[in-house]
Colleague: 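Here it is, the structure in full.
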Amino acid sequence: MSAIAAEMRTQFGYRPREAWRHAHGWSLQEVADRLNDRSQQQDEAIAAETSAVSKWERWPVMSTQRRPTIPVLLALADVYGCGVEDLLDLQDRAELPAWELNVLNRMTPADVEPGGTELVKMAADESLTWARWAEITNVGAFSLAQLWGQTQLLASQYLQPDSNPIALFSRARELRAEAGRLLGGHQHPHQASELYMISGYLCSLLAWMSSDLGHAAEAETQSETAWLCAELARSDTLRAWVLSVRSKTAFWSGRLKDALQHARRGASYAPGGTVAVLLACQEADAWSQLGAVNEALAALTRAEAAREAVTDADDIGGLFACTPARQENYAAAAQLRIGRPNDALESADRALDLINAQPVRAYGTVAQIHISRAAAYLDLGEPDGAYEALQPVLTLSPDRRLAPVADRLTELGAGLGHLRGAGRAVVGLRAAIDEFGRDSASRRLAALSPGHSST
């Protein structure tokens with residue numbers, strides 16, 4: 001029976017207690033019944049149910065499951081006709097409390113140390129057993145490819161005009177949980193590294209979404225987890241993307257120095273793909289908000305240089321890619337803040353031309369471009385042009401009115417105060433911006449919370 005249990009572990013990756021149950025050909029219910037019969041005969045207080053047996057088998061791989069105590073292990077060993085040591089592996093022993101290990105060691109008869117030829121054969125058998133365990137994996141090439149594909153799809157769908165941000169947030173959460181569940185099992189080191197990469201991008205996506213929905217603190221928590229994944233995967237490119245997300249969150253939270261620090265640190269990893277372009281754009285964004293003209297222009301120049309240096313494709317794409325249109329959008333916003341409305345309008349128009357030529361138009365970026373165009377027209381003293389430029393933004397459905405878009409519109413509305421007179425275009429702009437702010441994605445998310453009242 002011991003050989004059968006060992007083969008069960010090798011072939012199917014069963015935990016020791018699960019392998020012994022299958023070696024006997026018993027169901028969870030049959031084991032529970034035998035444990036209960038034994039408990040009654042020996043007047044013990046072990047009440048076994050199928051759920052308890054399942055949890056005893058899966059611990060500690062599923063750390064939330066119930067740990068098998070010493071009485072449970074002794075009862076299982078009696079039922080299966082084996083030693084307690086046969087029901088434990090190295091992972092079990094690493095997680096058991098030290099005092100329980102000491103008790104079990106005292107209860108287990110000391111083995112006589114083999115010698116000579118027997119010692120050599122035993123060492124070879126032990127290595128073979130370990131090798132069989134080492135080659136077991138709970139994830140294959142197909143599963144990894146599917147996870148990568150789903151992550152790429154989510155990052156792309158988030159930008160699409162017909163997307164539902166809250167529904168995509170739920171899907172990203174489910175996918176991250178699936179990757180985490182797989183990491184709780186056993187896989188080869190390179191497979192674990194890929195799973196950490198996927199988890200890191202998913203947590204980064206959740207962080208970006210959380211910030212867009214107006215939850216900066218939760219975005220930071222997601223970013224911290226994403227950073228841990230990047231460290232475990234040892235990926236400089238993922239590290240850079242995580243820092244880009246953190247820079248974005250800090251910027252929209254008003255922590256401009258943090259935004260600068262994250263962007264510069266991300267660039268220091270010399271990452272692949274287009275994240276270096278985005279990081280330079282984010283640095284320009286923060287400098288322009290601080291009113292540092294020369295620094296902002298220098299950062300925009302670095303973004304151009306980073307664009308020319310791109311040779312690798314982005315791992316994920318979609319949200320995790322900086323297209324030329326996205327770069328021009330950042331340039332337009334930065335030039336507005338440093339008092340260059342004509343340059344800003346030119347950048348915004350180029351961004352609009354570029355994004356209109358793409359098969360998928362990122363609605364968030366499109367909205368930002370139109371806001372930049374409207375702001376440039378206002379700075380040039382053309383409120384009618386601003387009102388016309390803003391129309392595509394004002395017609396966005398409420399569930400696509402993300403926090404950065406709403407914040408920029410609010411900033412634009414505040415700038416209307418310096419305009420003299422109350423022309424029809426200015427009055428219309430003020431009213432439209434006020435109406436826009438009454439319903440948004442973050443407000444709709446709050447409405448879904450338990451106990452929310454609309455009164």
Side-chain angles (χ1 to χ4, degrees), residues 1-28 30-39 41-138 184-187:
M1 196 61 69
S2 177
I4 297 175
E7 188 65 20
M8 287 285 183
R9 293 185 62 190
T10 300
Q11 291 296 324
F12 304 107
Y14 290 149
R15 306 282 297 128
R17 296 171 290 285
E18 186 180 15
W20 274 93
R21 175 169 62 81
H22 284 290
H24 282 278
W26 294 340
S27 66
L28 290 169
E30 286 175 309
V31 173
D33 291 341
R34 282 172 167 78
L35 287 171
N36 288 326
D37 290 342
R38 179 186 178 279
S39 179
Q41 292 169 6
Q42 300 192 16
D43 195 24
E44 292 182 344
I46 296 178
E49 298 177 352
T50 56
S51 61
V53 175
S54 176
K55 291 175 181 178
W56 292 333
E57 289 181 349
R58 293 168 66 81
W59 184 88
V61 171
M62 299 295 289
S63 58
T64 58
Q65 304 290 24
R66 187 186 306 175
R67 176 171 58 85
T69 61
I70 291 177
V72 168
L73 290 170
L74 291 172
L76 286 172
D78 192 17
V79 167
Y80 292 140
C82 65
V84 173
E85 67 275 8
D86 295 323
L87 300 177
L88 302 171
D89 61 10
L90 292 175
Q91 193 171 5
D92 291 317
R93 291 181 175 276
E95 297 292 334
L96 281 172
W99 71 269
E100 287 195 6
L101 277 178
N102 291 335
V103 172
L104 290 173
N105 289 336
R106 287 197 298 269
M107 296 174 67
T108 304
D111 295 327
V112 177
E113 184 68 23
T117 302
E118 183 183 356
L119 175 63
V120 176
K121 289 182 178 180
M122 182 175 289
D125 289 341
E126 290 169 346
S127 294
L128 179 59
T129 300
W130 178 85
R132 287 173 174 170
W133 171 84
E135 72 176 357
I136 296 172
T137 177
N138 66 332
H186 177 258
Q187 59 278 148

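Side chains are part of it too, since the values below use all heavy atoms of this structure and drop only hydrogens, waters and symmetry mates.
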Colleague: Of Leu74, Leu87, Leu73, Leu88, which meets side-chain contact (heavy atoms from CB on, under 4.5 Å) against Pro68?
Modeller: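 So, applying the side-chain contact (heavy atoms from CB on, under 4.5 Å) to Pro68 and each of Leu74, Leu87, Leu73, Leu88, only Leu73 qualifies.
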Colleague: Contact between Val31 and Leu76 at the side-chain level, heavy atoms closer than 4.5 Å - yes or no?
Modeller: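 Yes, side chains in contact.
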Colleague: Applying side chain to side chain contact (heavy atoms under 4.5 Å, CB included), run through Trp20 and Ile4 and close with a yes or a no.
Modeller: CA-CA 8 Å; Trp20 274 93; Ile4 297 175; over 6 Å; no
Colleague: Determine whether more than 12 heavy atoms belonging to other residues, nucleotides or ligands lie under 6.0 Å from atom CD of Glu49.
Modeller: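 Check fails, neighbour count at 12 or below.
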Colleague: Classify the ring geometry between Trp26 and His24 as parallel (under 30°), tilted (30 to 60°) or perpendicular (over 60°).
Modeller: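 Trp26 and His24: parallel rings.
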Colleague: Please determine which of Glu30, Arg34, Arg21 meets the side-chain contact (heavy atoms from CB on, under 4.5 Å) test together with Val79.
Modeller: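 Single pass found, and it is Arg34.
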Colleague: Say whether, by atom type as modelled, one donor and one acceptor occur between the side chain of Glu95 and the main chain of Asp92 under 3.5 angstrom.
Modeller: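 Here the side-chain-to-backbone pair does not exist.
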Colleague: Is His22 reaching over with its side chain to a backbone N or O of Ala5, donor-acceptor style, under 3.5 angstrom?
Modeller: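 Side chain of His22 to backbone of Ala5: no pair is present.
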Colleague: Do you know which two heavy atoms are closest between Trp56 and Leu35, and how far apart they sit?
Modeller: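 In terms of heavy atoms, the two residues are closest at CZ3-CD1, 3.8 Å.
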Colleague: Over all heavy atoms of both residues, which pair between Ala77 and Gly83 is shortest? Give the atoms and the distance, please.
Modeller: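 Result for this residue pair: CB-C, 4.1 Å.
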Colleague: Side chain to side chain donor-acceptor pair (under 3.5 Å) with Glu100: which residues, sequence neighbours excluded?
Modeller: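 Applying side chain to side chain donor-acceptor pair (under 3.5 Å) to Glu100 gives Arg67.
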Colleague: I'd like to know if the side chain of Asp86 and the backbone of Cys82 have a donor-acceptor N/O pair within less than 3.5 Å.
Modeller: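 Judged by distance alone, no pair lies under 3.5 Å.
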Colleague: I'd like to check the side chain to side chain donor-acceptor pair (under 3.5 Å) partners of Thr137; sequence neighbours left out, ordered by chain and number.
Modeller: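 Scan of Thr137 (side chain to side chain donor-acceptor pair (under 3.5 Å), adjacent residues dropped) gives Gln191.
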Colleague: Side-chain contact test, heavy atoms from C-beta onward, threshold under 4.5 Å: evaluate it for Arg15 versus Pro60 and give yes or no.
Modeller: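 Side-chain contact under 4.5 Å: yes.
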Colleague: Please check if the side chain of Arg17 supplies one atom and the backbone of Trp59 the other of a donor-acceptor pair under 3.5 Å.
Modeller: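 Yes, because the side chain of Arg17 sits within donor-acceptor range (under 3.5 Å) of the backbone of Trp59.
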